Amino acid sequence: MSETTPASGAAEAATEPFRYSSTLAADIESRWQDVWEKEGTFNAPNPVGPLSDATAGAGSVSAKPHSFIMDMFPYPSGAGLHVGHPLGYIATDVYARYQRMNGHNVLHTLGYDAFGLPAEQHAVATGEHPRISTEAAIANMRSQLRRLGLGHDSRRSISTIDPEYYRWTQWIFLQIFNSWYDAEAATARPIAELVAQFESGERPTPDGRGWSELSGTERDEVLGEYRLAYSKEVPVNWCPGLGTVLANEEVTADGRSERGNFPVFKSKLRQWMMRITAYGDRLIADLDPLDWPEAIKLQQRNWIGRSEGARVDFAVSADAAITVFTTRPDTLFGATYMVLAPEHELVDSIVPAAWPAETHEDWKGGAATPAEAVAVYRAAAAAKSDVERQVEAKVKTGVFTGAYATNPVSGESVPVFIADYVLMGYGTGAIMAVPAHDHRDFAMATAFSLPMRCVVQPTDGRGTDPHEWDDAFDTYDSVIVNSANADISLDGLSVVEAKAAATAWLTERGIGEGTVNFRLRDWLFSRQRYWGEPFPIVYDEDGVMHALPESMLPVEVPEVEDYSPHTYDPYDAASSPKTPLSRNEAWVNVELDLGDGVRSYRRETNTMPNWAGSCWYELRYIDPVNTERVVDPANEQYWLGPTEAKPAGGVDLYVGGAEHAVLHLLYARFWHKVLHDLGHVSSVEPFHKLFNQGMITADVYRDERGFPVPAAEIEERDGGYFWQGEAVKREAGKMGKSLKNAVAPDTICEEYGADTLRLYEMAMGPLDVSRPWDTRAVVGSYRFLQRLWRNVVSEATGELVVTDEPADEPTLRALHKAIDGIRGDMSGLRFNTAVAKAIELNNYLVKRGSTPREVAEPLVLLVAPLAPHIAEELWRKLGHAESLVYADYPVADPVYVVDESVTCVVQIKGKVKARLEVAPSISDAELEALALADPAVIAAIGDAPIRKVIARAPKLVNIVTG
RNA sequence: GCCGGGUUGGUGGAACGGCAUACACAGAAGCCUCAAAAGCUUCCGCCCGAAAGGGCUUGCGGGUUCGAAUCCCGCACCCGGCACCA
């Protein structure tokens with residue numbers, strides 16, 4: 001093609017002036033990013049309010065289809081991004097751009113979840129205010145992300161540390177605080193309605209006194225039993241090493257803090273709680289209409305842990321009973337002892353003064369009296385961290401309380417133990433032990449020589465004497481035996497039938513009832529930290545709690561001398577927390593007028609946990625500058641309102657890591673439901689469709705000592721890996737600074753451009769699986785864009801090289817098949833195969849030798865969501881004055897989607913023996929005849945008889961011989 | 001222990017129950033070039049064979065089916081989640 005002289009050709013070839021190089025890519029990208037920013041290309045209009053589009057008019061907004069496409073927002077880490085971070089952001093951006101080109105009004109933005117421990121720890125270490133380091137980190141991330149060409153509506157980008165944001169976090173807290181759950185109506189209601197019931201006497205107070213007779217703190221106590229956000233002395237996970245308490249979810253299985261890996265102890269402290277358990281049933285039931293991965297739904301269901309069973313009363317004296325929860329009321333006749341959690345409140349009242357006669361020595365724990373045994377055991381249990389409990393889980397420990405209870409069906413007197421394998425937080429904190437049919441009870445009974453009785457017929461050949469067994473028999477698939485008294489017999493019933501029969505019998509007698517229990521606990525909502533949202537709560541001089549009025553929000557994070565929480569020796573279980581905010585006395589003690597004149601108050605000095613800001617940010621994206629309301633109902637209804645396609649409403653697509661399967665998603669659902677119940681939002685669920693993107697992993701190279709060495713400096717030779725001449729080992733791992741294998745997106749942008757990075761990340765594999773980063777392979781995506789560029793633009797002149805002749809039929813077929821396939825892939829978030837199809841079409845054009853405009857234009861549009869900058873540039877060169885962000889995505893012409901002829905394979909007994917080129921419209925009969933006439937087929941059949949012929953026109957014929 | 005998910009070329013990965021290995025990386029050869037780069041063309045699962053061709057192949061073992069990477073049962077290994085929850 002080039003007719004230049006050898007000399008100039010050589011010079012020019014090395015630097016084709018209009019070649020799609022990294023320099024050109026950088027130029028194109030920054031130019032288009034500026035255009036998008038200047039023109040507010042990605043600003044999505046709201047129906048009402050300051051973000052409504054005055055020129056378009058509300059009508060045009062609501063007439064358009066619309067999508068709310070959202071990422072799980074990041075914590076702005078000071079370390080900056082590596083290429084793994086933007087994977088999800090690129091995917092949502094591709095999808096958002098695709099939807100815009102399908103005529104949608106698309107809400108797509110990104111905010112920052114900016115309260116958090118790392119900034120606070122940095123502040124403690126350096127004395128620099130966390131706001132300064134956090135805002136610097138946000139600025140850094142913004143510029144890193146800007147280079148990727150993400151089409152965000154920057155007007156809607158919020159940050160959780162912005163007082164104008166967290167005033168609404170505090171406002172929502174107040175809504176939750178000021179409501180209670182009406183279980184009968186299955187909805188949250190204002191606490192004022194409950195107060196009115198108490199005032200009128202419609203609802204009696206716990207001790208029967210009139211409401212007006214109660215003191216302020218007594219009223220607080222009463223209402224605290226109802227409020228959806230309440231403060232209470234509760235057993236919590238106290239982590240002396242961090243100086244703060246932690247939610248159950250933040251404690252690992254081996255009893256350590258998820259952050260810092262410090263031991264965690266059970267301690268009773270006054271803390272803020274959220275009554276998420278009230279929503280247990282709805283949080284399970286409402287998963288059904290959601291378009292979420294089944295695995296995530298399952299994890300949530302397991303976490304909530306709904307189990308059906310019965311409450312049963314075991315009398316311990318004439319006027320006291322121990323209530324247990326069991327899922328096996330069918331085995332009630334087999335309950336031969338009972339166990340209470342060590343902290344159970346009934347323990348003290350049932351303990352007798354002396355050991356009953358003939359008490360087994362092993363049951364006494366070496367103590368002279370039951371009270372002493374209980375006290376010693378309790379102290380030992382409390383001092384144990386969960387780690388120790390975990391390690392010792394196999395060995396059952398406990399002591400006899402000296403008390404006996406009566407089994408309500410057998411009438412037997414059964415000993416009552418305390419043991420730490422029974423947890424105070426689950427059920428009633430008390431169990432009936434059925435050692436023959438429960439592994440834990442069996443272990444306990446074996447250790448303490450407790451009686452056992454078989455009440456479920458063994459089906460595995462073992463005898464009916466449990467003392468001869470190795471372990472409990474816990475199958476549900478059998479029948480009940482040994483279970484009859486004068487009133488009832490369960491004998492011969494299946495486990496399922498017996499459960500129902502036993503429950504009915506208990507209910508009738510008023511000594512039990514069917515009930516549902518949840519594994520889920522109330523959510524511990526306070527932390528002893530500096531860098532979090534303060535509670536909008538104050539206490540008066542009598543210690544009575546007061547919610548601040550809306551007009552006093554936000555309660556801003558005060559300045560303090562020292563940001564650190566008071567930490568202790570990590571093993572000092574007896575320590576208790578001191579909050580950083582309490583250091584600022586001037587802030588803590590305030591004079592306020594809360595309606596009855598100026599009085600002195602003390603502020604709540606705990607702060608909210610990290611999760612608070614992320615529990616509702618989807619709502620603020622919708623109406624980020626609304627100063628009157630958390631979100632205008634019209635805007636909420638527009639973006640999140642329930643429709644036929646999403647019956648519970650919610651964000652159309654929410655993309656993020658599976659590590660948030662339980663915590664964030666459960667908390668956000670809970671808050672959303674409370675807001676729904678109180679009438680603030682029309683949607684029942686915050687996120688309609690959830691998609692979990694996989695992780696980008698990277699090879700980790702370790703030297704002999706096992707320390708990671710910089711992955712970028714590894715040499716590969718002779719089938720081994722070397723760093724500075726030393727042999728190192730390779731393993732798979734996460735990408736990150738500590739493993740010295742992080743690759744910054746900036747590096748890839750410099751070397752190839754953002755479009756290449758976007759394309760490569762999308763092409764690597766399916767979005768939902770983890771895949772290893774391979775810098776070497778990035779060049780493949782770069783070459784594709786270069787070929788695309790060359791198909792449209794001359795590298796030598798920068799002029800268009802597309803032809804204006806109409807495309808021939810095979811080319812149109814290639815085009816329309818690509819359109820059809822890519823559309824399907826885009827809609828299904830299968831970007832890897834979409835990229836492959838675009839490459840195929842482009843390669844077809846390379847081979848063809850020239851590119852008709854008729855094909856170039858749709859091809860550019862097809863690629864636009866994936867590689868938007870180069871697409872805009874080519875679109876402009878093709879003569880379009882407008883950005884293609886709102887151009888129509890190509891639609892396939894069905895005439896060209898099918899091939900002119902298709903290859904039909906002829907199988908003989910399932911093995912391919914011949915191929916035929918046939919028309920797609922061929923009938924089964926014609927195809928069969930054609931196949932049987934084919935010489936290769938005739939030869940392959942030989943003289944074997946034909947038993948059967950299966951024809952599936954137009955693709956396959958299978959001949960069964962013999 | 002319980003509950004999920006996975007296992008396809010040297011590598012990342014494609015495949016409505018119907019041609020296994022699309023697309024890409026890496027590798028090989030060629031064209032172009034004084035040369036290199038870039039580009040283009042061809043080859044590239046394994047085994048036998050000079051070739052033509054043949055056989056085998058989706059972790060392993062069974063089954064369903066005319067036909068299985070795909071559905072069912074069992075097993076192995078890997079990755080997640082939960083874990084004394086009565």
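Reckoned from all heavy atoms, side chains included, excluding hydrogens, waters and symmetry mates. Bear in mind that the values here come from a model prediction, so they are computed numbers and not experimental data.
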Check your understanding: Has the side chain of Arg328(A) got a donor or acceptor atom that lies under 3.5 Å from a matching backbone atom of Asp330(A)?
Key -> no

Practice item. Searching all strands shown, indicate the nucleotide that pairs with C46(B) (Watson-Crick or G-U wobble; both distances under 3.5 Å). Key: G55(B)

Point to revise | Residues in salt bridge (Lys or Arg N to Asp or Glu O under 4.0 Å) contact with Glu308(A), at least two apart in sequence or another chain | key: Arg306(A)

**Study point:** Nucleotide nearest Arg790(A) (side chain, heavy atoms from C-beta), chosen from G18(B), C40(B), A24(B)
**Key:** C40(B)

Review point. Which of these nucleotides, C19(B), C25(B), G18(B), is closest to any side-chain atom of Arg952(A)?
Key: G18(B)

Practice item. Give a yes-or-no answer on whether the side chains of Tyr20(A) and Thr756(A) include a donor-acceptor pair shorter than 3.5 Å. Key: no

Review point. Nearest to the side chain of Arg519(A), which nucleotide is it out of G12(B), A83(B), C84(B)?
Key: A83(B)

Study note, to complete from the structure: Whichever of Arg787(A) and Lys837(A) has the more 5' nearest nucleotide on RNA chain B, that residue is Lys837(A)

**Study point:** Length of the line joining Tyr421(A):OH and A86(B):C1', which is rounded to integer Å
**Key:** 8 Å

Check your understanding: Using a cut-off of less than 4.0 Å, is there contact between a side-chain N or O of Ser307(A) and OP1 or OP2 of A86(B)?
Key -> yes

Revision key, fill the gap. Paired to U21(B) by Watson-Crick or G-U wobble criteria (both distances under 3.5 Å) is none

Exercise for review: For G9(B), decide between syn and anti, treating a glycosidic angle within 90° of 0 as syn.
Suggested key: syn

**Study point:** Nucleotide of A38(B), C3(B), C66(B) approaching Leu298(A) most closely (side-chain heavy atoms)
**Key:** C3(B)

Check your understanding: What string of B, S and - do you get for nucleotides 59-64 of chain B, 5' to 3', if B is base contact, S is sugar-phosphate-only contact and - is no contact with any protein heavy atom under 4.0 Å?
Key -> ------

Review point. Looking at Arg783(A), does any N or O in its side chain come under 4.0 Å of the phosphate oxygens OP1/OP2 on C25(B)?
Key: yes

Practice item. Quick one: label Ile950(A) by what it contacts on the DNA or RNA (base, sugar-phosphate, nothing), any heavy atom closer than 4.0 Å. Key: base

**Study point:** Residue whose closest nucleotide on RNA chain B lies nearer the 5' end, Asp774(A) versus Thr833(A)
**Key:** Thr833(A)

**Study point:** Selected nucleotide, minimal atom distance to Val960(A) side chain, candidates C66(B), A86(B), A14(B)
**Key:** C66(B)

Point to revise | RNA chain B contacts made by residues 902-909 of chain A, counting heavy atoms under 4.0 Å | key: Thr903(A), Val905(A), Gln907(A)

Check your understanding: Between the side chains of Tyr760(A) and Asp774(A), does any donor sit under 3.5 Å from an acceptor?
Key -> no

